[in-house]
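Read through the structure below, which is laid out as structure tokens, and then see the notes.
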Amino acid sequence: MNATPETEMLTLSPDTCWEAVQNRDARLDGRLYYGVSTTGVYCRPSCPSRLPRRDHVRFFGSPQAAEQAGFRPCKRCQPQLPQSFSPALALIQDACRTLEEAERSPSLMQLAEAAGMSPYHFQRLFKKHVGISPKQYFLQKRGERLRGALTAGTTVTEAMYAAGYGSSAPLYTQSAAELGMRPTQYQHGGSGQQIQYAVAASFLGWVLVARTAAGICAIDFGSDPAALEAALRARFPQAEQVSADAEFEGWVRQVLTFLEEPAGGLHLPLDIRGTAFQRRVWAALQDIPAGQTATYGQVAQRLGSPKAVRAVAQACGANTLAVAIPCHRVVAAGGQLGGYRWGVERKRQLLEREARPSE
């Protein structure tokens with residue numbers, strides 16, 4: 001029997017098709033198309049157009065099938081274009097550009113109206129593609145502009161306005177978590193900060209531990225103590241490096257004990273510096289118990305952003321607090337170890353030690 005337009009290449013049930021349209025499920029773009037009899041237009045499931053009535057909808061397995069049935073392609077989602085074209089992603093990319101160029105964060109309503117969506121659907125789609133909310137994305141980009149302006153040699157006031165801060169109050173309150181210090185200190189490479197550090201031997205080679213007044217700011221592995229010290233100086237070129245006192249020596253011993261006995265945990269304050277999304281990832285990593293692992297995809301799922309796998313991996317690579325933020329517990333989907341800032345062999349040794357039964 002010859003296939004009709006409706007059945008050509010379409011293997012999904014009508015209920016599944018309608019559910020995909022209701023949810024604007026982009027996963028079925030390229031496999032499913034729907035035509036609306038009242039408009040004569042056919043669309044992708046992810047099309048942001050107003051949801052039609054069920055009794056006005058017909059389903060198809062290809063653009064050709066829809067056009068043979070008399071429907072014309074939607075000008076909004078352009079379903080006749082190759083599957084790689086994603087109208088939903090294009091709208092999100094437009095929103096990202098708006099947020100990157102904005103001096104003040106546009107409201108969710110403004111962004112949603114520009115995309116032709118409800119605020120709820122826009123927020124959901126944005127987090128799905130970007131991994132964080134529009135507000136968090138704006139703050140992240142504003143922080144990047146601030147860091148760039150400060151390191152370019154402008155004054156703090158000039159950097160403040162260039163980055164989009166309307167006044168000095170949010171500059172000093174909101175930038176602290178990301179810069180880890182006052183803007184003037186960041187501008188001068190940590191000038192005015194005191195940093196204590198020590199380098200000790202461990203089963204993973206040399207380990208450098210450093211702290212600021214806020215807490216541990218670095219746990220770094222390497223094969224050369226001098227190289228570890230040079231990396232710390234490059235990170236805080238103008239900070240005052242002071243001798244380790246008895247209290248800090250106790251902290252270093254706690255870090256070394258934690259390396260040997262990870263199940264005991266590390267109970268020290270941490271000076272965590274990163275973007276809003278990085279801090280969300282690192283907090284999720286700290287919830288992974290010793291002896292267990294999670295894939296990059298599973299971490300992204302736990303954050304409510306299943307497509308942010310690459311962003312999760314990048315956040316792991318940006319971690320400067322080895323073992324305290326246990327990025328070594330994140331592995332690739334196939335069970336492979338994946339990458340590690342301090343070398344895959346160290347990652348293997350850490351996981352093997354954590355997998356040992358407690359004595």
Side-chain angles (χ1 to χ4, degrees), residues 92 95-96 99-100 105 123 126-151 163-165 170-183 185-186 190 193 209-212 214-221 231-232 234-236 266 268-288 293-332 338-342 347 350:
I92 296 304
C96 287
L99 290 165
E100 289 165 8
S105 178
Q123 174 99 326
F126 192 96
K127 291 186 71 174
K128 177 181 178 181
H129 284 287
V130 182
I132 53 179
S133 71
K135 181 69 171 181
Q136 290 170 325
Y137 186 83
F138 170 79
L139 293 176
Q140 178 175 311
K141 292 302 176 181
R142 187 174 68 174
E144 291 175 2
R145 293 196 298 269
L146 175 65
R147 291 194 298 274
L150 289 173
T151 54
Y165 289 87
L171 171 67
Y172 283 93
T173 56
Q174 297 174 12
S175 65
E178 188 166 332
L179 299 180
M181 62 188 80
R182 294 172 66 84
Q185 291 177 315
Y186 185 91
Q193 272 203 321
V209 182
R211 80 166 180 183
T212 64
I216 298 290
C217 65
I219 300 177
D220 198 7
F221 294 120
L232 182 68
R235 187 177 167 199
F236 303 101
L266 182 63
L268 291 172
L270 302 178
D271 183 357
I272 298 176
R273 309 173 185 204
T275 66
F277 182 74
Q278 286 173 338
R279 292 196 299 272
R280 287 181 62 211
V281 172
W282 297 337
L285 302 191
Q286 290 175 298
D287 289 336
I288 304 174
T293 59
T295 66
Y296 296 100
Q298 287 171 334
V299 174
Q301 289 278 0
R302 294 171 189 176
L303 295 174
S305 306
K307 288 198 171 183
V309 176
R310 181 175 296 179
V312 168
Q314 290 172 341
C316 289
N319 175 30
T320 58
L321 288 162
V323 299
I325 296 176
C327 55
H328 63 279
R329 295 174 189 162
V330 187
V331 297
Y340 189 53
R341 177 175 184 151
W342 294 279
K347 183 173 186 176
L350 281 166

Look up atom [atom1] in [X] and atom [atom2] in [Y], then write down how far apart they are to the nearest 0.5 Å.
| X | Y | atom1 | atom2 | result |
| --- | --- | --- | --- | --- |
| Gln286 | Ile272 | CD | CD1 | 5.0 Å |
| Cys217 | Arg211 | SG | CZ | 10.5 Å |
| Thr212 | Asp271 | OG1 | CG | 3.5 Å |

Of the non-hydrogen atoms in [X] and [Y], which two are nearest, and what is the gap between them?
| X | Y | answer |
| --- | --- | --- |
| Leu99 | Pro134 | CD1-O, 3.8 Å |
| Phe126 | Ala95 | CE1-CB, 4.3 Å |
| Ala218 | Arg235 | CB-NH1, 3.6 Å |
| Ala300 | Val309 | CB-N, 4.2 Å |
| Ala214 | Pro269 | O-CB, 3.9 Å |

Under 3.5 Å, which donor-acceptor pairs link side chains of residues 316-331 to any protein atom two or more places apart or in another chain?
| residue | atom | partner | partner atom | Å |
| --- | --- | --- | --- | --- |
| Asn319 | OD1 | Leu321 | N | 2.8 |
| Asn319 | ND2 | Leu321 | O | 3.4 |
| Asn319 | ND2 | Ile325 | O | 2.9 |
| His328 | NE2 | Glu354 | OE2 | 2.8 |
| Arg329 | NE | Glu354 | OE1 | 3.0 |
| Arg329 | NE | Glu354 | OE2 | 3.3 |
| Arg329 | NH1 | Ile288 | O | 2.7 |
| Arg329 | NH2 | Glu354 | OE2 | 3.0 |

Practice problem: Could you tell me whether a side-chain N or O of Thr295 sits under 3.5 Å from a main-chain N or O of Gln298, the two making a donor and an acceptor? | Solution: yes
Quiz item: Quick check: does any side chain N or O of Lys347 sit under 3.5 Å from a backbone N or O of Trp342, one acting as donor and the other as acceptor?
Solution: no
Quiz item: Do Leu232 and Asp220 have side-chain heavy atoms sitting under 4.5 Å apart?
Solution: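 With C-beta onward as the side chain, the pair stays apart.
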Quiz prompt | side-chain hydrogen bond (donor to acceptor under 3.5 Å, both in side chains) involving Tyr340 - partner list, sequence neighbours excluded | solution =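 Partners of Tyr340 under the side-chain hydrogen bond (donor to acceptor under 3.5 Å, both in side chains) test: none.
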Quiz item: Among all residues two or more places apart in sequence or in another chain, which pass the side-chain hydrogen bond (donor to acceptor under 3.5 Å, both in side chains) test with Trp282?
Solution: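 Trp282: no side-chain hydrogen bond (donor to acceptor under 3.5 Å, both in side chains) contacts found.
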Exercise. Under the side chain to side chain contact (heavy atoms under 4.5 Å, CB included) rule, collect the residues that match up with Gln301, sequence neighbours excluded.
Key: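 If we apply the side chain to side chain contact (heavy atoms under 4.5 Å, CB included) test to Gln301, skipping adjacent residues, the hits are Pro306.
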